[in-house]
Amino acid sequence: SRLNSKRTIWFVHGARNGQTHAFRDEVLATAKENPNLHVHFRYSHPRREDQGHYDSDGHVDTELIKTLIGQDAEFYLCGSPPFLESLQTGLKEWGVPNERVFHESFNVSKASVDSQSSGEDASQEVEESEIVFASDKTLTWHGDDGTILEFAEANGLNPPNSCRQGVCGTCMCKISEGSVAYQISPTAEIDEGSVLICISKPATPKVVLDI
């Protein structure tokens with residue numbers, strides 16, 4: 001900080017892999033100019049070409065924080081609501097006072113919106129839908145199966161994702177048949193003929209996705 005230029009600062013960033021890692025080079029350049037700034041990048045699904053560009057595998061959690069940062073630090077958290085809740089709970093259990101934990105949420109409006117991805121009205125969800133994945137899996141989704149992303153993960157698929165709030169656009173995929181209904185308003189820019197699966201459910205009896 002400006003008041004204490006020699007204060008130790010840790011920048012801990014979690015991403016799926018190098019393909020979805022924002023501002024990596026800029027952060028490293030800043031750290032190079034400031035010896036008191038330490039950086040740790042954690043990838044949940046690193047690629048072979050990411051070797052040497054990240055520090056650890058997995059998701060950013062309290063256990064990682066404990067290995068890097070002292071308990072008496074101030075913590076500034078930024079991410080999706082589930083991510084923030086997990087870290088805040090972990091820091092509290094570790095004994096960090098609430099007044100030393102600050103946060104900013106990647107949150108969006110709860111207003112439901114429609115996707116016109118295939119020219120159909122997606123204003124309502126369906127109770128059951130046949131989802132055809134490009135990976136040669138055809139599965140039946142039911143109303144209590146959650147979002148398309150959650151359904152895919154529960155059935156052994158691992159689509160790219162990050163924020164799970166419709167903010168980053170990492171989960172965007174092509175849709176060639178059917179429509180989806182968004183549970184919350186997406187803020188990421190969506191390509192024509194594509195949908196965000198992290199915040200959507202099927203709106204037609206059949207949905208065909210490039211996953």
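Atoms considered below: every heavy atom in the structure, side chains included; atoms not considered: hydrogens, waters and symmetry mates.
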### Task
Check for a donor-acceptor pair, side chain of Arg42 on one end and backbone N or O of His59 on the other, with a separation under 3.5 Å.
yes
### Task
Flag the pair Arg164 and Glu153 as a salt bridge only when some basic side-chain nitrogen lies within less than 4.0 angstrom of an acidic carboxylate oxygen.
yes
### Task
Can you establish whether the number of heavy atoms outside Lys92 located under 6.0 Å from its atom NZ is more than 12?
no
#### Entry: Leu37 and Trp10, any side-chain heavy atoms less than 4.5 Å apart
no
### Message
Looking at Glu49, I'd like to know if its CD atom is crowded, meaning that more than 12 non-hydrogen atoms belonging to other residues, nucleotides or ligands lie closer than 6.0 Å.
### Response
yes
### Query
Are the side chain of Ser129 and the backbone N or O of Ile131 linked by a donor-acceptor pair below 3.5 Å?
no
### Query
So do the side chains of Pro202 and Ile148 get within less than 4.5 Å of each other, counting heavy atoms only?
yes
### Query
Is the backbone of Ala152 close enough, under 3.5 Å, to the side chain of Asn155 for a donor and an acceptor to pair up by distance?
no
### Message
Can you confirm whether Glu26 is buried at CD, in the sense that more than 12 heavy atoms of other residues, nucleotides or ligands lie under 6.0 Å from that atom?
### Response
yes
### Task
For Asp145 and Trp141, indicate whether the former's side chain and the latter's backbone hold a donor-acceptor pair under 3.5 Å.
no
### Query
Heavy atoms, side chains only, cut-off 4.5 Å: are Val12 and Leu68 in contact?
yes
### Query
About how many Å separate SG of Cys198 and CD of Gln183, when rounded to the nearest 0.5 Å?
10.5 Å
### Atom CD of Glu128: over 12 foreign heavy atoms under 6.0 Å
yes
### Output field: ring centroids His40/Tyr54 closer than 6.0 Å
no
### Student check: side-chain heavy atoms of Glu93 and Leu91 closer than 4.5 Å
no
#### Entry: Cluster check Leu28, Ile9: I/L/V/M/F/W/Y, side chain < 4.5 angstrom
yes
### Message
Check this for me: Glu189, atom CD, are more than 12 non-hydrogen atoms of other residues, nucleotides or ligands nearer than 6.0 Å?
### Response
no
### Under 3.5 Å donor-acceptor, Asp55 side chain and Phe41 backbone
yes
### Message
Using a 3.5 Å distance criterion without hydrogens, assess whether the side chain of Asp57 forms a donor-acceptor pair with backbone atoms of Ser44.
### Response
no
### Query
Hey, are Glu74 and Arg7 close enough for a salt bridge, meaning a charged N less than 4.0 Å from a carboxylate O?
yes
### Summary
Here the gap from Leu209 atom CG to Ser200 atom OG, rounded to the nearest 0.5 Å, amounts to 8.0 Å
### Query
Taking the side chain as C-beta and beyond, is there a heavy-atom pair between Phe75 and Val96 under 4.5 Å?
yes
### Message
Strictly distance-based, threshold 3.5 Å: is any side-chain N or O of Asp61 a donor or acceptor partner for the main-chain N or O of Leu64?
### Response
yes
### Message
What I'd like to find out is whether the side chain of Ile211 reaches to under 4.5 Å of the side chain of Ser135, using heavy atoms alone.
### Response
no
### Query
Just how far is it from atom CZ of Phe102 to atom SG of Cys78, taken to the nearest 0.5 Å?
14.5 Å
### Message
Working to the nearest 0.5 angstrom, can you tell me the gap between Met172 CE and Ser194 OG?
### Response
5.0 Å
### Query
Do Ser179 and Val207 come within less than 4.5 Å of each other through their side chains, counting heavy atoms only?
no
### Message
Quick check against the 3.5 Å criterion: does Glu150 have a side-chain atom that pairs as donor or acceptor with the backbone of Thr147?
### Response
yes
### Query
Within the side chain of Asn158, is there an N or O that forms a donor-acceptor pair under 3.5 Å with the backbone of Gly156?
no
